[in-house]
Amino acid sequence: MYLIIRCPGCRTFSYVDRFQRWKLCPLCGHAHEVVKAPAYLEVEDYHEAEHIVKQMEKHLHATKKRDFTPEETAELRHHYAEALRKRAKSNHA
């Protein structure tokens, strides 16, 4: 499992293994404790994490926003949970 987090320095989205304690930001080089960084979503694998990070950055850029609201974060988590349920359902069918 991977957490999608945001660098407290430059605000870039990235992902980290949920058991990792420190993250070095790929953009600004800031080293920060994972537990202190805002976590937006927990995903199953790094391929999904990479894709979602790109989509999140794209959304913020398109809407000219600096961050997701708590409601948008909750909606993101809800949509991801729904996608997992559909995937699990199709795998068992």
Side-chain angles (χ1 to χ4, degrees):
M1 298 295 276
Y2 292 84
L3 296 174
I4 294 179
I5 61 173
R6 203 158 191 200
C7 174
C10 69
R11 311 284 295 155
T12 298
F13 288 107
S14 62
Y15 61 93
V16 61
D17 183 284
R18 69 178 175 158
F19 297 111
Q20 194 170 328
R21 296 188 61 184
W22 291 89
K23 174 70 177 177
L24 182 65
C25 178
L27 189 65
C28 74
H30 179 78
H32 57 276
E33 285 185 82
V34 171
V35 296
K36 292 183 179 178
Y40 290 80
L41 190 62
E42 186 172 3
V43 300
E44 289 190 333
D45 65 47
Y46 73 94
H47 293 293
E48 282 183 314
E50 286 177 354
H51 176 73
I52 292 170
V53 162
K54 289 176 188 173
Q55 294 300 313
M56 290 172 75
E57 291 282 3
K58 186 177 176 180
H59 173 76
L60 288 183
H61 181 73
T63 59
K64 298 184 183 351
K65 294 172 77 173
R66 293 183 51 110
D67 203 354
F68 289 91
T69 64
E71 293 81 17
E72 289 171 322
T73 301
E75 186 177 342
L76 174 69
R77 291 175 180 157
H78 173 76
H79 285 298
Y80 183 71
E82 285 294 315
L84 287 179
R85 277 193 279 278
K86 286 179 185 176
R87 187 183 317 159
K89 198 174 190 179
S90 69
N91 287 342
H92 292 305

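Just the heavy atoms: all of them, side chains too, but no hydrogens, waters or symmetry mates, feed the values below.
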Within this structure, what is the [atom1]-[atom2] distance for the pair [X] and [Y], rounded to the nearest 0.5 Å?
{"X": "Glu75", "Y": "Glu72", "atom1": "CD", "atom2": "CD", "answer": "7.5 Å"}
{"X": "Glu42", "Y": "Met1", "atom1": "CD", "atom2": "CE", "answer": "4.0 Å"}
{"X": "Ile5", "Y": "Lys36", "atom1": "CD1", "atom2": "NZ", "answer": "13.5 Å"}
{"X": "Tyr40", "Y": "Leu76", "atom1": "OH", "atom2": "CG", "answer": "10.0 Å"}
{"X": "Cys25", "Y": "Arg11", "atom1": "SG", "atom2": "CZ", "answer": "11.5 Å"}

- Message: Please verify the inter-ring angle class for Tyr15 with Tyr2; under 30° counts as parallel, over 60° as perpendicular, anything in between as tilted.
- Response: perpendicular
[Y] side chain reached by [X] side chain, heavy atoms, under 4.5 Å:
{"X": "Cys10", "Y": "His30", "answer": "no"}
{"X": "Trp22", "Y": "Glu33", "answer": "yes"}
{"X": "Val34", "Y": "Arg21", "answer": "no"}

- Query: Does Leu3 belong to the same Ile/Leu/Val/Met/Phe/Trp/Tyr cluster as Tyr80, with side-chain heavy atoms less than 4.5 Å apart forming each link?
  - Reply: no
- Message: Starting from Ile4, can I reach Tyr46 by hopping between I/L/V/M/F/W/Y residues whose side chains sit under 4.5 Å apart?
- Response: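 In one cluster: yes.
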- Search all heavy atoms of Ala49 against all heavy atoms of Val43 and return the closest pair with its distance. CB-CG2, 3.6 Å
- Message: Show the nearest heavy-atom pair for residues Ala39 and Arg77, with the distance to one decimal.
- Response: O-NH2, 2.9 Å
- Message: Once salt bridge (charged side-chain N to carboxylate O under 4.0 Å, His left out) is applied, do any residues pair with Arg87, and if so which ones, sequence neighbours excluded?
- Response: Glu44, Glu48
- Query: What residues form a salt bridge (charged side-chain N to carboxylate O under 4.0 Å, His left out) with Glu50, not counting sequence neighbours?
  - Reply: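 With neighbours one apart ignored, the set is empty.
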Show the atom names and distances, to 0.1 Å, of all donor-acceptor pairs under 3.5 Å that link a side chain in residues 53-64 to residues at least two apart or in another chain.
{"residue": "Glu57", "atom": "OE2", "partner": "Phe13", "partner atom": "N", "Å": "3.0"}
{"residue": "Thr63", "atom": "OG1", "partner": "His59", "partner atom": "O", "Å": "2.8"}
{"residue": "Thr63", "atom": "OG1", "partner": "Leu60", "partner atom": "O", "Å": "3.4"}

- Heavy atoms from other residues, nucleotides or ligands near NE2 of His51 exceed 12 (cutoff 6.0 Å):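 Incorrect, the count does not exceed 12.
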